[in-house]
Number of protein chains: 2
Amino acid sequence: MNSPSSIKTVDRLVRILDCFTPAQPAWSLTELSTHLQLPKSTLHRFLVSLETYGILHRDLHDKRWRLGPRLFAWGSLAAESIDLRRIARPVMRDLVAATGETVILTAYYGQEVICIDKVETNHSVRMTLEVGTRRPPHAGASCKVLMAYLPGEEIRAIIRDKGLPRLCTNTITDPDELLTELGAIRERGYAHSLEETDLGAWGVATPIRDWRGEVVAAIGVAGPTSRLTDQLVQQYVALCRQAAQRISMLLGAGIGSRNEEQPQTKREASK
Amino acid sequence: MNSPSSIKTVDRLVRILDCFTPAQPAWSLTELSTHLQLPKSTLHRFLVSLETYGILHRDLHDKRWRLGPRLFAWGSLAAESIDLRRIARPVMRDLVAATGETVILTAYYGQEVICIDKVETNHSVRMTLEVGTRRPPHAGASCKVLMAYLPGEEIRAIIRDKGLPRLCTNTITDPDELLTELGAIRERGYAHSLEETDLGAWGVATPIRDWRGEVVAAIGVAGPTSRLTDQLVQQYVALCRQAAQRISMLLGAGIGSRNEEQPQTKREASK
DNA sequence: GAACAATGTTTCATTAATTGGAACATCAAT
DNA sequence: ATTGATGTTCCAATTAATGAAACATTGTTC
């Protein structure tokens with residue numbers, strides 16, 4: 001869950017803030033104290049300190065602690081740093097229109113896959129994944145495709161550190177089986193999944209590359225099994241791949257030797 | 001800018017993270033070091049520590065530091081705690097449709113006004129304010145209306161701590177003038193502004209109240225002066241007020257004596 | 001391509017800040 | 001009024017953060 005960093009106070013801070021999840025977004029002091037195995041006095045000092053800056057917020061109504069507006073502000077700013085979103089959004093909208101299913105944009109960070117953006121379909125029965133949600137990398141199409149293009153070292157680290165917990169009926173829990181699957185994904189250039197993360201859900205996903213050809217994100221289509229047929233899957237894979245390529249292109253991928261030849265050439269000719 | 005809290009490391013952390021703004025979203029170690037007057041070694045330890053958790057992110061391309069994905073994740077979660085957004089959104093959309101101008105939802109926190117949500121109009125010339133942006137409370141319709149309903153103590157504190165910096169031609173920079181204006185806003189029940197924050201921009205705003213009758217947010221309409229006429233302003237004020245009332249109603253306001261029976265003893269901070 | 005300059009990283013003795021047990025305060029329920 | 005639970009403050013012990021300086025890396029100039 002948490003590897004130690006160079007500043008212990010930061011470690012604690014992260015441990016505290018990470019307790020706030022969609023499942024439990026509000027905590028009382030005592031609850032947190034027992035959950036984190038931290039003395040109430042220490043925790044209390046942290047909470048009050050964090051409240052000073054609006055990082056946490058004590059609800060006047062139920063007297064519980066929640067994530068505060070400062071995090072909201074920082075988070076919004078962090079989102080702007082990801083200009084990938086701005087670039088990908090129109091393409092994602094097109095993909096939703098073409099497939100009639102929810103489209104998600106994901107990236108890998110720190111042994112987790114985070115949902116950067118989503119565009120939902122209008123179908124009343126639809127796949128939904130909240131923006132900002134983090135998931136383990138071994139289950140689901142978007143997760144697997146991102147994992148597939150990590151360095152082998154990193155893949156082994158994930159399996160070692162996080163294990164392969166079963167999230168749903170078809171989650172791959174055997175390391176060897178997963179490695180084989182990741183190899184297959186690299187070969188095919190896309191990943192698909194069926195009930196690996198949620199019952200009644202399927203997904204396909206393809207990698208997005210930056211100007212260096214590095215996989216920096218994934219775009220995925222996901223929906224309920226009720227609308228699933230084999231032909232559709234192949235169609236969706238093709239559309240998804242096109243979308244990924246369009247985004248990659250916008251990120252400067254495939255311009256060829258544009259950045260390969262530059263290093264020698266000095267632009268400072270006027271000097 | 002920063003009042004001391006009970007944990008110094010948290011103070012530093014906030015000071016560091018607050019350097020990342022829309023104006024300067026990326027910093028190098030040396031830049032930050034000189035800006036914050038912190039030794040490079042100390043700062044370096046912080047940055048590396050924060051990177052461990054994805055709170056900051058070192059861009060591989062330009063080697064600069066930016067806000068990281070974990071803040072994005074926490075921010076998204078913090079946004080969910082503000083269920084005001086979910087409630088207000090449909091009303092905001094209606095208001096955009098009725099006025100043809102951008103509508104913003106704002107709240108007061110820690111001597112600042114933060115933009116919680118926005119719905120933009122389709123006009124090519126339009127008012128835009130990014131979600132998550134923080135502004136001083138003394139200029140602009142939304143800001144002023146939120147300020148107007150703060151306790152007098154808090155209003156004085158803002159003027160004392162932050163001053164009244166001039167942001168645009170019509171910014172109110174005189175304390176007495178501002179207090180008079182805030183009184184007028186309370187009497188009228190809405191605020192309006194013309195070029196107080198941005199050249200060529202106007203705005204009107206009305207307060208949103210929760211089930212206790214407390215002002216918890218503001219809804220505002222804003223646009224370019226090119227589309228402004230006096231009749232329109234009055235029309236927009238009426239529409240804006242209706243919208244605020246609809247949202248307040250949805251928050252449980254005006255259900256009658258539900259919470260009115262509580263004695264009017266305000267829990268003044270008896271410190 | 002050697003020398004230089006600028007930026008980034010590590011080390012470690014000194015110093016200051018965090019810690020947490022325990023005492024105290026507040027609140028709700030009976 | 002009494003009890004129990006939750007929240008808040010205190011302070012001596014000890015740990016953890018500090019930052020000057022040495023070191024390493026990267027990029028630029030001649």
Side-chain angles (χ1 to χ4, degrees), chain A residues 2-17 19 24 26-53 55-66 259 261-271, chain B residues 2-17 19 24 26-53 55-66 68 259 261-263 265-271:
Chain A
N2 51 314
S3 47
S5 78
S6 32
I7 300 182
K8 207 163 184 189
T9 308
V10 171
D11 296 359
R12 286 215 158 152
L13 200 137
V14 171
R15 243 162 66 80
I16 292 171
L17 292 182
C19 290
Q24 177 143 14
W27 292 82
S28 77
L29 174 68
T30 315
E31 283 169 358
L32 254 187
S33 169
T34 52
H35 181 77
L36 288 171
Q37 296 276 74
L38 273 177
K40 284 201 292 184
S41 54
T42 305
L43 190 59
H44 181 259
R45 212 168 342 100
F46 264 93
L47 298 184
V48 170
S49 174
L50 292 172
E51 188 185 30
T52 312
Y53 294 110
I55 294 170
L56 289 181
H57 173 65
R58 185 171 7 195
D59 193 291
L60 286 169
H61 187 41
D62 61 6
K63 299 278 185 84
R64 280 155 173 277
W65 297 90
R66 288 160 204 277
N259 278 62
E261 290 184 357
Q262 283 296 337
Q264 308 297 337
T265 327
K266 299 284 177 179
R267 294 165 300 268
E268 323 253 328
S270 55
K271 193 69 194 290
Chain B
N2 50 314
S3 49
S5 78
S6 32
I7 300 183
K8 210 176 175 189
T9 308
V10 171
D11 296 358
R12 287 217 157 149
L13 199 137
V14 171
R15 241 162 67 80
I16 292 171
L17 291 182
C19 289
Q24 177 143 13
W27 293 81
S28 77
L29 174 68
T30 316
E31 282 169 358
L32 254 188
S33 169
T34 51
H35 180 79
L36 288 171
Q37 295 277 74
L38 272 177
K40 285 202 291 183
S41 53
T42 305
L43 190 58
H44 181 261
R45 213 167 341 103
F46 264 94
L47 298 184
V48 170
S49 174
L50 292 174
E51 189 186 30
T52 311
Y53 294 109
I55 293 170
L56 289 181
H57 173 64
R58 185 170 6 195
D59 193 290
L60 286 168
H61 187 41
D62 62 5
K63 299 278 183 86
R64 280 155 172 277
W65 296 90
R66 288 161 203 277
N259 280 65
E261 294 179 353
Q262 306 269 346
T265 3
K266 293 287 174 188
R267 299 162 296 278
E268 301 281 351
S270 51
K271 290 294 159 79

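Since this is a predicted model, take the numbers as computed values, not measurements. Residue numbers begin at 1 in each chain, while the letters A, B, ... track the order of the sequences.
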Between the protein and nucleotides 4-6 of chain C, list every N/O to N/O distance that falls short of 3.5 Å.
none

Sub-3.5 Å pairs of nitrogen or oxygen atoms, protein against nucleotides 12-20 of chain C:
unit_1, atom_1, unit_2, atom_2, d
C:dA17, OP1, B:Lys8, NZ, 2.9
C:dT18, OP1, B:Lys8, N, 2.6
C:dT18, OP1, B:Thr9, N, 3.1
C:dT19, OP1, A:Arg12, NH1, 2.5
C:dT19, OP2, A:Arg45, NH1, 3.2
C:dT19, O5', A:Arg12, NH1, 3.4
C:dG20, OP2, A:Arg12, NH1, 3.4
C:dG20, OP2, A:Thr42, OG1, 3.2
C:dG20, N7, A:Ser41, OG, 3.1
C:dG20, N7, A:Arg45, NH2, 3.2

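The heavy-atom pair separating B:Trp65 from B:Leu29 by the smallest distance is CD1-N, 4.2 Å.
We find that CH2 of A:Trp65 is positioned 13 Å from C1' of D:dT6, with the value rounded to whole Å. The distance from atom CG of B:Leu36 to atom P of D:dG19 is 12 Å, rounded to the nearest whole Å. Rounded to an integer number of Å, the gap from B:Ile16 CD1 to D:dA17 C1' is 12 Å. Between the CG atom of A:Asp11 and the C1' atom of D:dT15 there is a distance of 14 Å, rounded to whole Å. Look at CG on B:Leu47: it is 13 Å from P on C:dT10, rounded to the nearest Å. Per the geometry, CZ belonging to A:Arg58 stands 8 Å off C1' belonging to D:dG7, to the nearest Å. B:Lys40 has its NZ atom 15 Å from the P atom of D:dA24, to the nearest Å. Look at CD on B:Gln37: it is 12 Å from P on D:dA20, rounded to the nearest Å.
The line from CG of B:Leu13 to CD1 of A:Ile55 is 6.5 Å long, rounded to the nearest 0.5 Å. Rounding to the nearest 0.5 Å gives a distance of 12.0 Å between OG1 of A:Thr9 and NZ of B:Lys8.
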Per-nucleotide protein contact string for nucleotides 23-30 of chain C, where B marks a base within reach and S marks sugar-phosphate only (heavy atoms under 4.0 Å, - for neither): --------

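Under the side-chain hydrogen bond (donor to acceptor under 3.5 Å, both in side chains) criterion, the residue pairs touching residues 26-48 of chain A are A:Glu31-A:Arg64, with sequence neighbours excluded.
Residue B:His44 places at least one side-chain N or O closer than 4.0 Å to OP1 or OP2 of C:dT9.
For the segment residues 26-35 of chain A, residues with any heavy atom less than 4.0 angstrom from an atom of DNA chain D are, sorted by number, A:Ser28, A:Leu29, A:Thr30.
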Criterion side chain to side chain contact (heavy atoms under 4.5 Å, CB included) on A:Leu50 and B:Ile7, from CA distance to verdict: CA-CA 9 Å; A:Leu50 292 172; B:Ile7 300 183; over 6 Å; no

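Within 4.0 Å (heavy atoms only), B:Arg64 reaches no atom of the nucleic acid at all.
In the helix from C:dG1-D:dC30 to C:dT30-D:dA1, the rotation axis of the first five pairs and that of the last five pairs differ in direction by 50°, rounded to 10 degrees.
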